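Here the structure is laid out as structure tokens; the discussion comes afterwards.
Sequential numbering from 1 along the given sequence is applied to the chain's residues. Note that the structure is predicted; figures quoted are calculated from it, not measured.
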Amino acid sequence: MAGVERSTYWLGGASTVPFVTRRKVMVVTVLGVGAFTALWFVVRAQSIPATVVAFVLGGAAVAVWLRRDADGGRWIVSGLDRVRGWLSLRARWDEFDPEVEVRPFWLERVEVASVATGDGHDLGLLDDATHLVAVLEVDGGGHAIQTAAAHARRERAFRAVLRACSRPRVAVSQLDVMTSSFPTREGDLPAVSLAQWVTPAVAQSMADVRSQALLGTQQYRSWVVVRMPVDQLAAVIREDGLAVTPDRLNQAALETVGQVTRLFMDNGIGVHRGLSSRRWAAVIRGLLLCDRSVDDTAGIRDFWHAWPAFEVDRREGAVTVFDPATGEASWHHATASIPRSGWPTAAVHGRWLAPLVLSHEVSHRVVVNSFELLSPMEASGFARDQLTTAASLRVRQRSQGKVGTGEVEVAESSAALVAKDVAVHHAAGLRVLTRVMVSGRSASELRRAQEEIETITSNEMGVTRINWDTTRPTLGVLSVLPLGRELPRDY
């Protein structure tokens, strides 16, 4: 039998640098203001010592701006992040107490609505003023070991879904594919009834098999978070000659979710259900309180009622969640992301995330891949800018007489392949970010999980850098939950 040709993917590439950026504007502005201030000071003071002091202070400011931290980032930016973290701690922005607040501070402007689907069910919609968000539970990839042909088929199917969703007529700006992995619980195993004539030894053996299954197996649940721009939904309504109203926006969002569902189903990816607001809340509660099932809707009156209390553990750089029944610290969560600069420099296969998703070394984890969809025109421009940036870096390196390490050449090669895929093969234009959340019953268990994640990503996935959200852990946890949070502009 002929072997199956597996597709490879370039995950890295140069970050595009436009001619005019916010950073350049800020630097020019700061330097201009500084030069004007220094000139004014010299004219007003008319003192050589004062002028020297002014220039020393200016040089110190430039030195602080140029200083780098251990991760290679701007030291002043890291310092500002720490200041914001300190302010959020004092103002309790990163904490939540359901006895005092209705919803977390960072979700104050978020509203949740429900729209009838026509088959007796409701679909929950999250409204953050600029986007509507819905969640679909999907088939995460089948059961047991599958053939290489099956994996290749699913890769082609998902590429087709992304390409179709990036069309201008589809009002979708971002798809988040998330998978939660957790140990098998007693209720997850099917009930087994033994015949009366079974000997005690056989019955004990069956009980041992069940116990071993609970200890050595894991469950996986997958969801797709659909993020829909309100402007695009409104444009669809106007094309039909109708006035834009909240009800019509919700109906347009429902039709768009149905369109996405059909795209998944037509390409062989099963969709189990669209989540109602109560089921959605149950999923969030199950991810924050890992001993609760994501299907357990008991005691949930509305979306916000399901959220447990949490606070920031500044020492561990994690979020501590409290059990609503006892009020005691129950679970600790830490989140991380793989930035573009940390992706492998070599091409990878489609199951690149398998070591992270399928690992049994970390008991509770959530892996999220966020795909920001770009229109064909945006994708072509982004690919062209990426290739131009990579080529300019190579030219500058040679003009300066520096010996290259191969990093710039690899970035240019990957950018050329991306540009070809977009322009010739009409691949979907994407900005991708991978996030992971690990959980533990105690701070020490959480630290072990973090160490294991770093080992897996470095040794088995070729990741060169992973950023833990230690300064603002609450924002990291919110970005992993199925809320359709927008990707950061620079990562």
Side-chain angles (χ1 to χ4, degrees), residues 69-71 73 77-110 128 178 180 281 283-292 303-339 362-368 433 435-454 466-483 485-488 491:
D69 58 19
D71 295 328
V77 174
S78 302
L80 291 175
D81 286 339
R82 287 191 290 270
V83 171
R84 283 195 293 265
W86 181 84
L87 290 175
S88 64
L89 178 65
R90 293 295 180 270
R92 297 188 65 254
W93 294 338
D94 292 348
E95 301 177 9
F96 174 63
D97 184 357
E99 299 294 333
V100 180
E101 305 157 290
V102 176
R103 66 195 74 185
F105 172 81
W106 298 109
L107 303 177
E108 281 291 336
R109 298 183 179 181
V110 172
D128 65 358
M178 57 184 301
S180 174
V283 170
I284 292 176
R285 183 174 65 179
L287 297 179
L288 293 177
L289 296 171
C290 300
D291 49 355
R292 300 291 296 265
F303 182 82
W304 301 111
H305 183 254
W307 288 67
F310 58 79
E311 68 179 17
V312 173
D313 184 345
R314 194 63 63 180
R315 179 180 179 182
E316 299 293 336
V319 171
T320 302
V321 180
F322 297 89
D323 189 335
T326 62
E328 300 292 331
S330 179
W331 288 92
H332 304 262
H333 305 282
T335 60
S337 61
I338 301 175
V362 183
S363 59
H364 296 86
R365 62 202 178 279
V366 179
V367 180
V368 182
L433 179 62
R435 300 183 179 101
V436 61
M437 180 173 76
V438 293
S439 308
R441 283 284 193 181
S442 61
S444 59
E445 182 181 342
L446 181 65
R447 285 194 296 271
R448 288 194 298 270
Q450 291 177 274
E451 293 170 359
E452 189 62 37
I453 291 296
E454 292 183 355
I466 182 170
N467 294 336
W468 292 97
D469 301 310
T470 54
T471 306
R472 307 296 301 280
T474 298
L475 297 182
V477 170
L478 293 178
S479 68
V480 171
L481 295 178
L483 298 171
R485 306 287 284 179
E486 186 177 10
L487 266 63
Y491 60 90

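- Between Arg485 and Leu478, the shortest heavy-atom distance links the atoms CG-O, 3.5 Å.
- For Glu316, the salt bridge (charged side-chain N to carboxylate O under 4.0 Å, His left out) test picks out Arg447, with sequence neighbours left out.
- Going from atom CG of Leu481 over to atom CH2 of Trp307 covers 5.0 Å, rounded to the nearest 0.5 Å.
- Contact check for Ile284 versus Leu483: side-chain heavy atoms found under the 4.5 Å cut-off.
- The shortest distance between side-chain heavy atoms of Pro482 and Leu287 falls below 4.5 Å.
- For Asp313, there are no salt bridge (charged side-chain N to carboxylate O under 4.0 Å, His left out) partners at least two apart in sequence or on another chain.
- Ring pair His364/Trp331 is perpendicular by interplanar angle, where above 60° counts as perpendicular and below 30° as parallel.
- Nearest heavy-atom pair, Pro308 versus Pro98, reported as atom, atom and distance to 0.1 Å: C-CD, 4.5 Å.
- Here Trp468 pairs with nothing under the ring-ring contact (aromatic ring centres under 6.0 Å, His included) rule; sequence neighbours left out.
- Looking at every heavy atom in both residues, Leu487 comes nearest to Arg435 through CA-NH2, 4.4 Å.
- A search for salt bridge (charged side-chain N to carboxylate O under 4.0 Å, His left out) contacts involving Asp291 returns Arg441, not counting sequence neighbours.
- Residues forming a side-chain contact (heavy atoms from CB on, under 4.5 Å) with Arg292 (at least two apart in sequence, or on another chain): Arg285, Leu289, Asp296.
- For the atom pair Glu486 CD and Leu433 CG, the distance stands at 12.0 Å (nearest 0.5 Å).
- For the atom pair CZ (Arg472) and OG1 (Thr335), the distance works out to 12.0 Å, reported to the nearest 0.5 Å.
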Pair Val319-Leu288, side-chain contact (heavy atoms from CB on, under 4.5 Å): steps then yes or no
CA-CA 10 Å; Val319 171; Leu288 293 177; over 6 Å; no

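- Here Asp97 pairs with Arg92, Glu99, Val100, Glu101 under the side-chain contact (heavy atoms from CB on, under 4.5 Å) rule; sequence neighbours left out.
- Among all heavy-atom pairs drawn from Pro473 and Gly317, the shortest one is CB-O, 3.8 Å.
- In terms of modelled atom types and a separation under 3.5 Å, the side chain of Arg365 and the main chain of Ile453 share no donor-acceptor contact.
- The two residues Trp304 and Val110 have their closest heavy-atom pair at CZ2-O, 3.7 Å.
- One N or O on the side chain of Thr474 and one on the backbone of Asp94 form a donor-acceptor pair closer than 3.5 Å.
- Residues Val321 and Ser330 have side chains not in contact (no heavy-atom distance under 4.5 Å, counting atoms from C-beta outward).
- No donor-acceptor pair under 3.5 Å is formed between the side chain of Arg103 and the backbone N or O of His305.
- Distance check: Thr471 OG1 to Arg314 CZ gives 8.0 Å after rounding to the nearest 0.5 Å.
- Once rounded to the nearest 0.5 Å, the distance linking OG of Ser180 with CE of Met178 reads 7.0 Å.
- The minimum heavy-atom distance linking Gly476 with Asp469 is given by the pair CA-OD2, 3.5 Å.
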